[in-house]
*Asks:* 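Here it is: the structure, laid out below.
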Amino acid sequence: MPSSPQAAARIAVEAGVLLDRATLQRLPYVHRIRCDSQGTSRRVLIGTETARGTQWFTPEQCSLGPAGLVTPALKDLPNRPIARPPARPQADTHHQPARISPEVRRLLLRLATARQSRDITNTRKLIKECDGLLTRRTCVPAALKEARDSAEQWLLERSKEVVTWNREGERVVLTGDAAKQETEKRARQARQAAENRKAYLAELKLALEHERFGDVRGLLRAISQLPDSDVPLTRTQIDLLKGARARVYDGGLGKLQDQVARKKWLQRKCPTCNARPGQECFDAIPDGQPLRRMGGHDERLQLVIAS
């Protein structure tokens with residue numbers, strides 16, 4: 001291929017030959033030659049590649065001049081090279097990092113403080129503020145999105161933790177298997193509490209019907225000391241508790257239960273039902289199972305008062 005500027009304009013190559021970009025940026029045209037099959041013979045075509053593309057002609061349409069091969073495409077030659085030089089890249093302001101405004105800086109500081117102090121509630125509120133800012137603004141610093149996602153991941157990890165207290169009253173955070181075991185233990189306790197509450201409420205109803213007000217006070221106290229349960233009280237159960245409290249506390253019934261500690265009267269034998277020390281009192285019901293008196297017989301409690 002000629003290398004001089006004068007000869008460069010007279011390049012003729014095969015149709016499929018690729019030229020380097022620097023050459024195409026320098027030349028206004030390049031002649032290309034190809035052969036097409038036409039029946040059992042071959043036909044030669046001469047093309048001229050310019051900035052407009054490539055136009056093809058038969059040899060009869062072309063001629064030889066002082067500058068070399070001349071095709072009809074050279075009569076109206078574009079005044080520019082085949083390939084344009086690459087445009088100078090412009091600064092993409094969309095991808096430039098956004099500046100951290102005072103508002104964003106304060107939000108990042110508050111979010112970091114909430115996480116450091118393990119304030120889950122405040123962290124959730126600040127994440128919502130971040131979402132509002134990210135939605136409202138088209139250009140926000142990447143640090144805000146990263147801090148928001150990190151805080152959300154932190155909340156997810158905290159949801160798997162369990163907080164408890166040791167014997168010294170210190171707060172302990174359990175994770176992993178320890179947290180799983182504690183969660184299962186609390187679930188078992190909650191189920192047991194629900195079962196105990198159901199049994200106590202059934203006894204409470206019977207105690208009210210038989211006017212055993214000492215038992216009513218004891219059962220109310222036992223129910224209030226049960227751990228929290230996920231099973232809510234029904235409307236009937238709520239009315240039962242309210243009615244029982246009104247009768248024994250507002251009416252002053254069964255007050256001996258408040259005067260004698262349970263552990264003290266349990267040490268005595270009951271003169272009414274002959275319950276031995278350590279056993280609870282009971283009421284005999286004809287043709288039925290004995291009913292437990294959780295509050296004890298008044299005669300048993302009076303033995304402690306009199307001593």
Side-chain angles (χ1 to χ4, degrees), residues 159 162-167 169 172 174 178-307:
S159 65
V162 175
V163 178
T164 184
W165 284 263
N166 58 21
R167 294 181 179 179
V172 179
L174 303 179
K180 183 178 179 181
Q181 293 174 3
E182 180 66 20
T183 302
E184 293 174 351
K185 175 184 174 183
R186 293 183 181 182
R188 289 194 300 270
Q189 291 176 344
R191 289 194 297 269
Q192 186 61 47
E195 294 175 2
N196 291 341
R197 188 180 66 186
K198 183 178 180 181
Y200 286 158
L201 287 169
E203 290 188 31
L204 179 64
K205 184 178 180 181
L206 286 175
L208 282 172
E209 291 175 355
H210 292 84
E211 296 186 349
R212 292 184 283 113
F213 300 115
D215 283 358
V216 172
R217 297 175 77 91
L219 286 165
L220 288 174
R221 185 178 294 106
I223 292 172
S224 66
Q225 293 173 352
L226 287 175
D228 293 336
S229 173
D230 295 334
V231 181
L233 290 170
T234 64
R235 184 72 256 177
T236 302
Q237 292 172 337
I238 293 174
D239 292 340
L240 175 63
L241 288 171
K242 287 183 177 179
R245 292 191 183 102
R247 293 196 69 181
V248 298
Y249 291 116
D250 297 342
L253 301 174
K255 284 193 172 181
L256 279 179
Q257 184 73 29
D258 290 339
Q259 299 177 25
V260 182
R262 178 182 176 82
K263 63 180 181 180
K264 288 187 177 180
W265 63 257
L266 274 175
Q267 298 173 3
R268 305 273 184 154
K269 180 181 177 181
C270 180
T272 303
C273 65
N274 295 320
R276 295 190 299 271
Q279 291 183 338
E280 293 183 345
C281 294
F282 61 91
D283 287 331
I285 297 179
D287 301 328
Q289 293 291 332
L291 285 178
R292 179 181 64 167
R293 290 182 66 99
M294 190 167 182
H297 285 102
D298 288 351
E299 293 80 5
R300 192 175 187 181
L301 276 62
Q302 287 172 349
L303 293 175
V304 179
I305 296 174
S307 60

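Remember, predicted model here, so these are calculated numbers, not experimental data. Heads up: numbering here begins at 1 and tracks the sequence.
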*Asks:* What's the separation between atom OG1 in T234 and atom CG in D239, rounded to the nearest 0.5 Å?
*Replies:* 8.5 Å
*Asks:* Could you tell me whether a side-chain N or O of Q279 sits under 3.5 Å from a main-chain N or O of R276, the two making a donor and an acceptor?
*Replies:* yes
*Asks:* Quick check: closest heavy atoms across C281 and A275, and the distance to 0.1 Å?
*Replies:* CA-CB, 4.2 Å
*Asks:* Using the side-chain contact (heavy atoms from CB on, under 4.5 Å) rule, pick out the option among L219, V216, D215 that qualifies with V248.
*Replies:* V216
*Asks:* Check step by step if side-chain contact (heavy atoms from CB on, under 4.5 Å) holds for H297 and C273.
*Replies:* CA-CA 8 Å; H297 285 102; C273 65; 3.8 Å; yes
*Asks:* Do Q267 and P277 touch side chain to side chain, with heavy atoms closer than 4.5 Å?
*Replies:* no
*Asks:* Looking just at side-chain N and O atoms, do D298 and Q302 make a donor-acceptor pair shorter than 3.5 Å?
*Replies:* no
*Asks:* Considering all heavy atoms of both residues, which atom of A244 and which atom of L208 are nearest to each other, and what is their separation?
*Replies:* CB-CD1, 3.8 Å
*Asks:* Could you work out, with salt bridge (Lys or Arg N to Asp or Glu O under 4.0 Å) as the rule, every residue matching R221, not counting sequence neighbours?
*Replies:* D258
*Asks:* Do L220 and Y200 have side-chain heavy atoms sitting under 4.5 Å apart?
*Replies:* no
*Asks:* Can K242 and I238 be said to form a side-chain contact (heavy atoms from CB on, under 4.5 Å), step by step?
*Replies:* CA-CA 6 Å; K242 287 183 177 179; I238 293 174; 3.9 Å; yes
*Asks:* Could you walk me through whether R300 and T272 pass the side-chain contact (heavy atoms from CB on, under 4.5 Å) check?
*Replies:* CA-CA 8 Å; R300 192 175 187 181; T272 303; over 6 Å; no
*Asks:* What's the separation between atom CH2 in W265 and atom SG in C270, rounded to the nearest 0.5 Å?
*Replies:* 8.5 Å
*Asks:* How about R188 and K185: do any of their side-chain heavy atoms sit closer than 4.5 Å?
*Replies:* yes
*Asks:* Between atom CG of L241 and atom NZ of K205, what is the distance when rounded to the nearest 0.5 Å?
*Replies:* 13.0 Å
*Asks:* Taking the side chain as every heavy atom from C-beta outward, state whether V304 and R268 have any pair of such atoms under 4.5 Å apart.
*Replies:* yes
*Asks:* Going by heavy atoms in the side chains, are L303 and E299 under 4.5 Å from each other?
*Replies:* no
*Asks:* If I take atom CG from residue L240 and atom CZ from residue R235, how far apart are they, to the nearest 0.5 angstrom?
*Replies:* 11.5 Å
*Asks:* Once rounded to the nearest 0.5 Å, what's the spacing between atom CD of E203 and atom CD1 of I223?
*Replies:* 9.0 Å
